[in-house]
Structure formats: structure tokens, C-alpha cells
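Everything on this sheet refers to the single structure shown next.
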Amino acid sequence: MDTINTKLSFVELGKFLSQFTLNEQVQRADVLHNDLYFEKFNDLVMLSQSHNGWFTPEQVYFAVQSWAEALTESNLNEWLSKYDLSEMKPKTVALILAGNIPLVGFHDFLSVLSTGHKVLVKASSNDQHLIQFLSNYLISVDSKLSDYITFTDGKLENFDAIIATGSNNTARYFEFYFKDKPSIIRKNRNSVAVLSGKETHDDLVNLGEDIFRYFGLGCRSVSKLFVPKDYSFEGFFKAIYEYKDIIYYEKYSNNYDYNKAVFLMSNFKLLDNEFLTLKEDTSYASPISSVFYEYYEDITDLQTRLKNEAEHIQCIVSNNMSDNSISFGQTQQPKLWQYADNVDTLQFLISL
């Protein structure tokens, strides 16, 4: 497969996706195949919530725009130029995709095709329509891709390697079942924020984006705060008030009511602003509508702990208080070269 043509096909897909935002959907004359796909895609976005109740138009349009911004020729060149793809021999790589947020498995799909391999996709029932639509668009741009893309609802067969994403429980099954295949097996991870108490109001507003985007369902969603001893949450609650309307979404509201009731019945002490609860807890994974927090006394000790427990952490958000930390508000907009679990997907695919 000509990886240059594949790259250019993804560039065209990026141009197509750039037409769709929450505020407006404007059809451009320079975009390929709009006559076939523009209205159908807009309809699909609006129908996505009927396929998965968490996929509101706002969340889907955000995911679409994130990919539109990523799939530019300059971004793809910067990403792929670090690798030698000249001697690639096509293999078939199976993907078992998660469905917690819109298009969550698209990076793996892009990576396999960009390295010249064939992709065999088992999509999640929670997110099977969007990625298949984008696949059909790519094939319209370059018909040769039809020989490189297969979707299946059944048992995965006739593949050379696998990338599978799931929970800690399903990961154990994956590791056993696919033990004879080269693999990347992804487990549960969560993201954290490290606060100093000196953050600006805008920092904390942006932190709200990291917490509430996709209703907190992503592995890049902040579910845990580390705060210094005697930290005051007043500024935090003032800043995240901008996200108060999230409580009007029924599925989120139901989770808020349920999880708050469970905490209170267990006599846990909570901080609460009527749309988010904060609970002091050593765990990383908090339920929807809640964020855990933990006090620290020495930042160096905390940095050491975060390094030692890196296998549980996807992102660390801070104002440079930890190695490789991400700026506030940026967790859900990773660059193409920022890999899940810090595992270089392209290097794995090149090594097959």
C-alpha cells in the first residue's frame, strides 16, 4: 500500500471533518464527495445520541473537530517523518475498540493504515457507526483502501497482531486469548491534576474542561486531584461553575444523584456544588459526577509516587509540577505523537 496516498486520503478526511462544528455546518466547494457524504454525516452526528446516550451532539462535534485539527498534512508529516516506513510488509492487524467516547479508537485505525498494514476492526457496540462512516469516506477518496479495511461483528480470525482496549478484567482475557500474537493490550487508566494553590481562575476553568468533557468518561478525563495541605476549594468551585449546565443532562444527573446518595449513606464526607461531588480518596478512578482528591505535603514525594504508579495514570495536568505534564484544558486534544499509555503504536506496527 502506498503510504503517501494513504496519508493524503486522511488529509482529505480532515478537510471533510473541518466542515462540522457545534455552531455551524458549512459545506465547502473544495471538499471531496460532499454530495454523497455531507448531509449523511450531519444526520449521523445528530442520531449518535440514539445509538449511545452519552454521545450528545456537543460531544460528537468536539471529537470531530479534534480530528479535523489533527488530520492536516503538516501534522501527519511531523508525526510520520520520525519513522522509516520504506520497508514495510503488509500484515493484518486486528483492533478491538472501546466505545466510551466518540471515535476513541480512531488513532489506532489511523496508525495501522498509515504504516501500510491492513486493519481488521471489531468496533464497540457503543461506537460503531462513526468510525465506519469515516472508513467509507476514506474508501471513496481512494478505492484501494477497500482491500485494507475490514469490519467484523464476529470472531476475529486471520490476523497477525492485535491492539485491544478494554477494562482491567477484559485485559486479562485478552492477554490469555491473544498470548501467541504480538499485541498491545490497554487497561483502565485515569488522569490526575496536581495543584499548587497558585493556579489562576482561568487555569481552574480549563481544568473544568479536563473534568467534564465527555462527561468524564475518557481515560484522559481528570478523575483525581492532588492538592497541598490546607488547600481551599473555594476558587476551584467558583471556576467550574461555568459547567453547571451539565446537570441538566439526564444521564449525568442520574449518576450525580445516585453516586451522591451512595456516598452519603456510607457517611463519607463530601464537598458538593450541586453538580459535582469531591471526595477524599486514595483511588484514581472516581464515578461519573465525582472527583476524588488527596492532600500532599511534599511535591517531590508526590512526583516519585506518580512515577511509581505510572501504569495507572494516562495524563497528569499541572503547571509544570510533574514530568511530562499537560497544560490545563488540553487533555482531550492529544497530538498524533502522544500515544495512549505512552506505548509507541507506530513503532510496534513497524516491528511486525
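All residue numbers refer to positions in the sequence shown, counting from 1.
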Could you tell me the separation between the [atom1] atom of [X] and the [atom2] atom of [Y], rounded to the nearest 0.5 Å?
X    : Y    : atom1 : atom2 : answer
S318 : L302 : OG    : CG    : 9.5 Å
T345 : Y339 : OG1   : OH    : 6.0 Å
I163 : I184 : CD1   : CD1   : 4.5 Å
L156 : L95  : CG    : CG    : 9.0 Å
K307 : R305 : NZ    : CZ    : 15.0 Å
S223 : L217 : OG    : CG    : 11.5 Å

Quick check on [X]: does its [atom1] atom have over 12 non-hydrogen neighbours (other residues, nucleotides or ligands) under 6.0 Å away?
X    : atom1 : value
K244 : NZ    : yes
K7   : NZ    : yes
D245 : CG    : yes
E87  : CD    : no
K40  : NZ    : no
Y295 : OH    : yes
N324 : CG    : no

Before we go on, tell me: are the rings of [X] and [Y] under 6.0 Å apart, centre to centre?
X    : Y    : answer
F106 : F109 : yes
F41  : Y37  : no
W337 : H107 : no
F226 : Y293 : no

Note to self: Taking the side chain as everything from C-beta on, heavy atoms only, tell me whether I326 gets closer than 4.5 Å to R220.
What the structure shows: yes
Checklist line | Side-chain heavy atoms of F236 within contact of L276, under 4.5 Å | finding: yes
Polar side chain donor-acceptor pair, [X] to [Y], under 3.5 angstrom:
X    : Y    : answer
N23  : T21  : no
D203 : N319 : yes
Q128 : S125 : no
N75  : T72  : yes
Q332 : S221 : yes
Q19  : N42  : no
S290 : T277 : yes
S167 : T170 : yes
D281 : S283 : yes

Next item on the list: Sorted by first residue and then second, give each ring-ring contact (aromatic ring centres under 6.0 Å, His included) pair with at least one member in residues 250-285; sequence neighbours left out.
Entry: F212-F275
Short N-O contact, [X] and [Y], less than 4.0 angstrom:
X    : Y    : result
K179 : E175 : no
K260 : D272 : yes
K15  : E12  : yes
E280 : K269 : no
D341 : R189 : yes

Note to self: Taking salt bridge (Lys or Arg N to Asp or Glu O under 4.0 Å) as the cut-off, I'd like each qualifying pair that reaches into residues 92-112, sequence neighbours left out, listed once.
What the structure shows: D108-R186
Next item on the list: Using ring pair (Phe, Tyr, Trp, His ring centres under 6.0 Å) as the criterion, point out the one residue from W67, F38, Y61, F133 that pairs with F20.
Entry: F38
Next item on the list: Could you list the residues that satisfy salt bridge (charged side-chain N to carboxylate O under 4.0 Å, His left out) with R28, not counting sequence neighbours?
Entry: D30
Margin query: Side-chain heavy atoms nearer than 4.5 Å, only ILVMFWY residues, links allowed to pass through others: does that put L13 and L76 together?
Written below: yes
Checklist line | Heavy-atom closest contact (E209 atom, G329 atom, distance) | finding: CG-O, 4.0 Å
Margin query: For F159, does the six-membered ring have the charged nitrogen or CZ of K181 within the cation-pi criterion, i.e. under 6.0 angstrom from the centroid and within 45° of the normal?
Written below: yes
